[in-house]
Amino acid sequence: MTGGGPAAPVRIGAMVRRLDDGRTLSLDPDLVLPLASVGKVLLLGEVARRLAAGTLAAAQPVDLLDDDRAVGGTGLLGLLSPRRWTVADLTTAVAAVSDNAATNALLRLVTLEAVQHLARTSGLRATTVHDRIRATRGPDVPPTFATGTAHDLCTFLTDVATGTWRSPRASELLHGWLAGNTDRTLVADTIRHDPWSTGGVRVANKTGTDTGVRADAGIVVGPHTVVYAVVAAFPPGAERAAVAELRRWGTAVDRLAGDQRSANS
């Protein structure tokens with residue numbers, strides 16, 4: 001990618017790939033970094049796989065436990081009065097608003113071990129989910145929810161975008177959920193699209209925000225289809241610099257997803 005590396009002391013792992021011609025931009029794509037909620041895409045993937053295979057029903061009810069509701073952070077379900085939701089409700093909440101209570105309920109349903117197995121069998125070499133969402137992390141639990149690389153995430157999303165991940169139906173489900181994400185403030189902020197329109201350039205993504213982490217991975221469908229993953233890790237006080245880096249990569253995604261003339265300029 002042109003324009004130099006990230007502003008110190010922000011560490012960036014990034015990859016952008018245009019699918020029709022394979023053109024790729026990257027920076028330390030194999031750097032293993034904390035992913036924050038971007039790791040939830042693997043949980044959504046396991047649910048999509050089971051729904052497509054018929055081993056899980058979208059209408060199956062799932063109870064939210066007090067522990068689920070107490071994690072705080074992103075989401076709405078922990079603040080609402082109902083204690084029982086369907087699998088479809090929970091996947092929508094995770095994809096749209098990165099709901100932590102819904103995440104923990106789904107993890108309990110499908111199991112952490114199954115999500116980790118999905119990561120391995122999807123060809124992800126260094127990307128996985130380590131634990132459920134927690135309000136605090138002590139020395140006796142994994143230090144972070146998920147870790148991974150931009151390369152792994154782009155490989156995974158390439159298969160989803162082309163319908164070759166697991167099955168066409170599983171790919172379609174996962175892609176559709178990611179299209180409902182309401183957070184377009186990171187990489188997607190500089191991708192020219194209208195999230196409320198079904199025409200033009202369309203973005204399907206998952207973002208992650210945690211102390212010292214900003215991450216965004218997604219699929220952009222326009223004149224060209226592009227997959228991307230950008231993860232920034234940084235010390236306290238460098239939040240604005242990290243967000244600026246993700247948005248700078250969004251400009252590159254926008255260029256590659258546009259018409260051929262602008263992509264080559």
Side-chain angles (χ1 to χ4, degrees), residues 1-6 12-33 35 38 41-42 44-45 48 119 121-127 148-181 184 186-195 197-208 215-232 244-265:
M1 181 172 175
T2 60
I12 294 286
M15 177 172 278
V16 180
R17 178 183 296 147
R18 188 164 61 193
L19 299 190
D20 56 3
D21 61 5
R23 184 176 178 187
T24 301
L25 304 173
S26 65
L27 176 67
D28 290 335
D30 294 314
L31 181 64
V32 179
L33 294 169
L35 298 178
V38 166
V41 73
L42 299 177
L44 292 172
T121 56
S122 294
L124 307 187
R125 295 175 295 178
T127 299
T149 70
H151 184 277
D152 276 353
L153 290 168
C154 270
T155 298
F156 181 78
L157 291 175
T158 294
D159 291 342
V160 174
T162 56
T164 57
W165 177 76
R166 300 295 173 173
S167 70
R169 179 56 179 160
S171 298
E172 179 184 35
L173 282 169
L174 182 52
H175 195 166
W177 292 333
L178 297 179
N181 183 25
R184 303 290 170 82
L186 297 175
V187 173
D189 183 73
T190 47
I191 299 172
R192 289 170 290 183
H193 73 291
D194 180 357
S197 173
T198 57
V201 174
R202 301 182 301 283
V203 176
N205 72 321
K206 184 73 195 75
T207 53
D216 192 346
I219 301 166
V220 180
V221 178
H224 303 273
T225 297
V226 174
V227 298
Y228 70 85
V230 187
V231 185
E245 285 298 325
L246 268 74
R247 291 175 176 171
R248 187 168 73 95
W249 279 89
T251 301
V253 175
D254 181 69
R255 186 172 67 249
L256 287 180
D259 63 44
Q260 192 67 39
R261 182 178 62 183
S262 64
N264 289 331
S265 62

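What you see is a predicted model; the values in this text were computed from it and never measured. All residue numbers refer to positions in the sequence shown, counting from 1.
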What's the separation between atom [atom1] in [X] and atom [atom2] in [Y], rounded to the nearest 0.5 Å?
| X | Y | atom1 | atom2 | value |
| --- | --- | --- | --- | --- |
| Tyr228 | Leu157 | OH | CG | 9.0 Å |
| Leu178 | Leu173 | CG | CG | 11.0 Å |
| His224 | Arg255 | NE2 | CZ | 12.0 Å |
| Arg184 | His193 | CZ | NE2 | 4.0 Å |
| His175 | Thr162 | NE2 | OG1 | 10.5 Å |
| Thr207 | Asn181 | OG1 | CG | 5.0 Å |

Please find the pair of heavy atoms, one from [X] and one from [Y], that lie closest to each other, and give the distance.
| X | Y | answer |
| --- | --- | --- |
| Val220 | Ala257 | CG1-CB, 3.8 Å |
| Gly148 | Thr127 | CA-OG1, 3.2 Å |
| Ile191 | Gly250 | CG1-O, 3.6 Å |
| Ala215 | Val38 | CB-CG2, 3.6 Å |
| Ser167 | Ala170 | OG-N, 3.0 Å |
| Ile12 | Ala14 | CG2-CB, 3.8 Å |

**Report entry** From CA spacing to verdict: side-chain contact (heavy atoms from CB on, under 4.5 Å), Trp249, Asp216
**Finding:** CA-CA 10 Å; Trp249 279 89; Asp216 192 346; over 6 Å; no
Once side-chain contact (heavy atoms from CB on, under 4.5 Å) is applied, do any residues pair with [X], and if so which ones, sequence neighbours excluded?
| X | value |
| --- | --- |
| Ala150 | Met15, Ala229 |
| Ala161 | Leu19, Ile219, Thr225, Val227 |
| Ala179 | Ala204 |
| Asp189 | Arg247 |

Do [X] and [Y] come within less than 4.5 Å of each other through their side chains, counting heavy atoms only?
| X | Y | answer |
| --- | --- | --- |
| Leu124 | Leu42 | yes |
| Asn205 | Val187 | no |
| Asp254 | Thr190 | no |
| Leu153 | Leu35 | yes |
| Asp30 | Arg125 | yes |
| Leu25 | Leu256 | yes |

Query raised in the report: So which pairs with a foot in residues 148-164 pass salt bridge (charged side-chain N to carboxylate O under 4.0 Å, His left out), sequence neighbours left out?
Result: none
**Report entry** Summary of salt bridge (charged side-chain N to carboxylate O under 4.0 Å, His left out) pairs that have at least one residue in residues 170-181, sequence neighbours excluded
**Finding:** Arg169-Glu172
Report task. Return yes if a side-chain donor-acceptor contact under 3.5 Å exists between Arg166 and Thr121, otherwise no. Result -> yes
